[in-house]
Protein chains: 2
Amino acid sequence: MMRTIVELQQQLAPDLLEVLKRRYRILQQVGQTEYIGRRALAGVLAMTERVLRAETDFLKAQGLLDIRQSGMQLSDSGRQLLDQLAPTMKELAGLTELEERIRSRYGLRKVVIVSGDSEASEHVKRELGRAGAQVLRGYMAPGDVVAVTGGTTMAHVAGQLSSQRPLADIRFVPARGGLGESVDYQANTIVSTMAKRTGAQYRLLHVPDHLGEEAYQSLMQEPNIREIVEVIRSARIVLHGIGDAMVMARRRKEAEPAVAAMRSEGALAEAFGFYFDRSGNVVHRMPTAGLRLEEIQTAEVVIAIAGGRGKGEAIAAVMRFGHDDVLITDEAAALEMLRTFEADADEV
Amino acid sequence: MMRTIVELQQQLAPDLLEVLKRRYRILQQVGQTEYIGRRALAGVLAMTERVLRAETDFLKAQGLLDIRQSGMQLSDSGRQLLDQLAPTMKELAGLTELEERIRSRYGLRKVVIVSGDSEASEHVKRELGRAGAQVLRGYMAPGDVVAVTGGTTMAHVAGQLSSQRPLADIRFVPARGGLGESVDYQANTIVSTMAKRTGAQYRLLHVPDHLGEEAYQSLMQEPNIREIVEVIRSARIVLHGIGDAMVMARRRKEAEPAVAAMRSEGALAEAFGFYFDRSGNVVHRMPTAGLRLEEIQTAEVVIAIAGGRGKGEAIAAVMRFGHDDVLITDEAAALEMLRTFEADADEV
DNA sequence: AGTACCGGGACATATTTAGTCCCGATTATG
DNA sequence: CATAATCGGGACTAAATATGTCCCGGTACT
């Protein structure tokens, strides 16, 4: 498989691509306007004045921008560069467009798409994690409680999360108890990794995820359990993965009748312990000593992160549930989501 | 003319390419070694430990490098990336190789080559200026006197030179007096621009460059002239352009007999007021109230900067003169220099 | 057992970046 | 012709980041 130069560069210098993208956006925007001023431009591009200024100073030094007292404009070589750069940048801009389409169709606040297919490439999975970590960092504010689920994707987020200054007033908590999985991918483990990497606080929930009603009730009588559960339920930010319903059911060792019932009800996706059909209806739930639907609905920022072509449909299902604010996914899954959307539209 | 992606990127983000290059160099070096430690690697690559560490940490996070207690090694995907990147990087590495060839053949301390032909493209000219400014910054030390000649190339260097912190204890001086040229390209103008852009001191030499012996002698009796000339002659760093002999002679309005004499002597190149034949012998000089040959020979750092295919031969001639330490040029001129070198080798 | 080199921790300091406000000049507008 | 809005660029502080340097415990080879 031949990878494009952009993908190669994304591996060797992902943050540099962001710079490239930003400068390109500036050139593009300036190109669309006759004369535009720094502050006006900063407004359009949603940058602060100073950052934009650093870039325009640079672009001016490169001779790509003419800056005069009446505003700025592309120079001849700037316009020329913009044209020549277009095909290369389409790859990046293409994702931006894809992001916007997914965003508006599923009514989300924000969508971030990394290029590639995380099923096919370990590197894309890491990229997904990086993007997730970056988004999460952007939303965290002092005093926040961040509830996090498990999974390999989330483990990647944890691995890419960092902070120079310790965020001592942020608490990470698991959204749910433990699954019978490798310890590396359990919510508890991930929570502790995230907290360590950012210098934040964390609380763990040492309770099996899969509980009968009775056991659940009696556990909830325990004061120390209650306390941490209350913290969890106060989460302002929820960061969760999305799984395939049947795979998750098996992993959770759901009873066979329940699995059969779910299947017949069209269970397709799983997220934070709930099972969804393709329309985003909850078809199965389990008593949990963690986040309930209420908290998902009331949490201020619900961030979903999942990728891989095979997960496209599942992601679409959960997005239709309608309580997510932000989605971080990969190109393959995003394209699959669009296809799903269009197929459904045709049916109607 | 279709430009390659590397060239496009060089316009939009030249410094980012340096980062790319650096990371590639690291991968390459690590790939050539079985296991290598951080400090050893820093030595080989001439980087400080900390900078290298930042990069290796990054490359590790990208999964391109395996770091263990016994040292570091390329990971599988690192090796793969290195292979896939090779053709793209050849463009940059090609210049590095070219630099080394020029460097060793002309016995220089350092050679920097920017890609392209500054005769053909304004952008390459600017790049040349940027490279020159960068090199100069690298050599400047507190207390230095920097002597600078005129010319359009040098004007570009001045335009790209900058310093965040004022370099108040550095003095810029013109290497010679004024030529009858546009004021923008005169040494005096350039000196003042450089000083302003770096917060340095400067002294000007208000004396015509083209002087008869008598006038020269009487001017040198002037105490204030003498003083600045002494400063000029104490320069530790000399930054000069290189011109075509005949073009410069005409610009300097040399007397016709002198021009004819020079021509018959094979004058090919001009630099800091001296004319050189193709072997680097001085075939003509003029009394100057500026740098003399002695100072060129004793100055600690003599930096030549000139580009353009048509100047290749002239640059080669001045390099053979043998008192330059550093050459900054462009790809077109460098290739021409190599051709010149080989043609001469054949003759012998 | 000793030595040399390994990665990683730590930390003071230098440098860069970012946010913000001000200013005089210029242009559009009434 | 006057006035308001907008322009680029200067200035300055606070915050973030990069850098040089040394130390440490572990490991591998001698």
Side-chain angles (χ1 to χ4, degrees), chain A residues 13 15-16 18-19 22-23 26 29-30 33-61 63-75 134 137-138 140-142 159 161-168 196-199, chain B residues 13 15-16 18-19 22-23 26 29-30 33-61 64-75 134 137-138 140-142 159 162-168 196-199:
Chain A
D15 24 340
L16 302 202
E18 315 256 313
V19 177
R22 184 167 65 212
R23 290 187 182 160
I26 294 173
Q29 190 62 45
V30 173
T33 331
E34 183 122 11
Y35 274 107
I36 188 165
R38 194 195 332 135
R39 272 164 275 245
L41 189 57
V44 176
L45 295 171
M47 297 181 178
T48 61
E49 193 190 322
R50 197 61 186 75
V51 173
L52 176 70
R53 186 168 170 184
E55 298 296 359
T56 53
D57 282 355
F58 170 86
L59 292 171
K60 181 189 175 188
L64 303 171
L65 226 48
D66 274 345
I67 301 189
R68 343 185 164 178
Q69 289 188 322
S70 47
M72 49 190 125
Q73 219 183 7
L74 287 189
S75 72
Q134 195 179 324
R137 243 195 325 270
M140 286 193 296
L161 198 62
S162 70
S163 169
Q164 13 299 131
R165 211 187 20 179
L167 305 169
K196 275 176 201 152
R197 292 186 64 97
T198 54
Chain B
D15 24 342
L16 303 202
E18 315 256 312
V19 177
R22 184 168 65 211
R23 290 187 182 159
I26 294 173
Q29 190 61 46
V30 172
T33 331
E34 184 124 10
Y35 273 108
I36 188 164
R38 192 193 336 133
R39 271 164 274 247
L41 189 57
V44 176
L45 296 170
M47 297 180 177
T48 61
E49 194 190 323
R50 196 63 186 74
V51 173
L52 176 69
R53 188 167 168 185
E55 297 295 0
T56 54
D57 283 354
F58 170 85
L59 292 170
K60 181 189 175 189
L64 302 171
L65 225 48
D66 273 345
I67 301 188
R68 345 183 162 181
Q69 289 190 322
S70 46
M72 50 190 124
Q73 218 184 6
L74 288 189
S75 72
Q134 194 179 322
R137 241 193 330 268
M140 286 193 296
S162 70
S163 169
Q164 11 299 129
R165 213 186 18 177
L167 305 169
K196 273 176 202 153
R197 292 187 64 96
T198 55

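Labels below follow one simple rule: chain letters A, B, ... track the order of the sequence lines, proteins then strands, and each chain is numbered from 1.
The side chain of R39(A) approaches dG8(D) more closely than any other nucleotide in the set dG8(D), dC6(C), dT27(C). Closest to the R50(B) side chain, of the nucleotides dA10(C), dC7(D), dG7(C), is dA10(C).
The CZ atom of R137(B) sits 20 Å away from the P atom of dA14(C) (whole-angstrom rounding). For Q73(B) and dC6(C), the CD to C1' distance is 14 Å, given to the nearest whole Å. Residue Y35(A) contributes atom OH, which lies 15 Å from atom C1' of dA28(C) at whole-angstrom precision. Remark: C1' of dT6(D) and CD of E34(A) are 15 Å apart, rounded to the nearest angstrom. In this structure, L65(B) atom CG and dG7(C) atom P are separated by 10 Å, rounded to whole Å. Nucleotide dT27(D) holds its C1' atom 16 Å from the CE atom of M72(B), rounded to whole Å. When the P atom of dG7(C) is taken as reference, atom CD of E55(B) falls 16 Å away, rounded to whole Å. Taking atom CD on E49(A) and atom P on dC22(C), their separation rounds to 12 Å, with Å as the unit.
Positionally, the nearest nucleotide of DNA chain D for I67(A) lies more toward the 5' end than for the other of A54(B) and I67(A).
Within the 4.0 angstrom heavy-atom criterion, only backbone atoms of the sugar-phosphate kind lie near R68(B); the bases stay farther away. Residue I36(B) is in sugar-phosphate contact alone, with no base atom involved, counting any heavy-atom pair closer than 4.0 Å across all strands shown. Across all strands shown, A40(A) has heavy atoms under 4.0 Å from sugar-phosphate atoms exclusively, and none from any base.
Judged by distance alone, with hydrogens and angles left aside, the side-chain atoms of R197(A) form a donor-acceptor pair with the main-chain N or O of G159(A) at under 3.5 Å.
Side chains of F58(B) and D15(A) form a contact here, defined as non-hydrogen atoms less than 4.5 Å apart.
No hydrogens or angles were tested; on distance alone, a donor-acceptor pair under 3.5 Å links the side chain of R53(B) to the base of dG9(C).
With M72(B) as the fixed residue, the side chain to side chain contact (heavy atoms under 4.5 Å, CB included) test singles out one of L59(B), I26(B), L65(B): L65(B).
Closest non-hydrogen pair, Q73(B) versus E34(B), comes out as CG-O, 3.1 Å.
Atoms CG and OG1, on L161(A) and T198(A) in that order, are 5.5 Å from each other to the nearest 0.5 Å.
Look at Q69(A) and you won't find any side-chain N or O under 4.0 angstrom from OP1 or OP2 of dC7(D).
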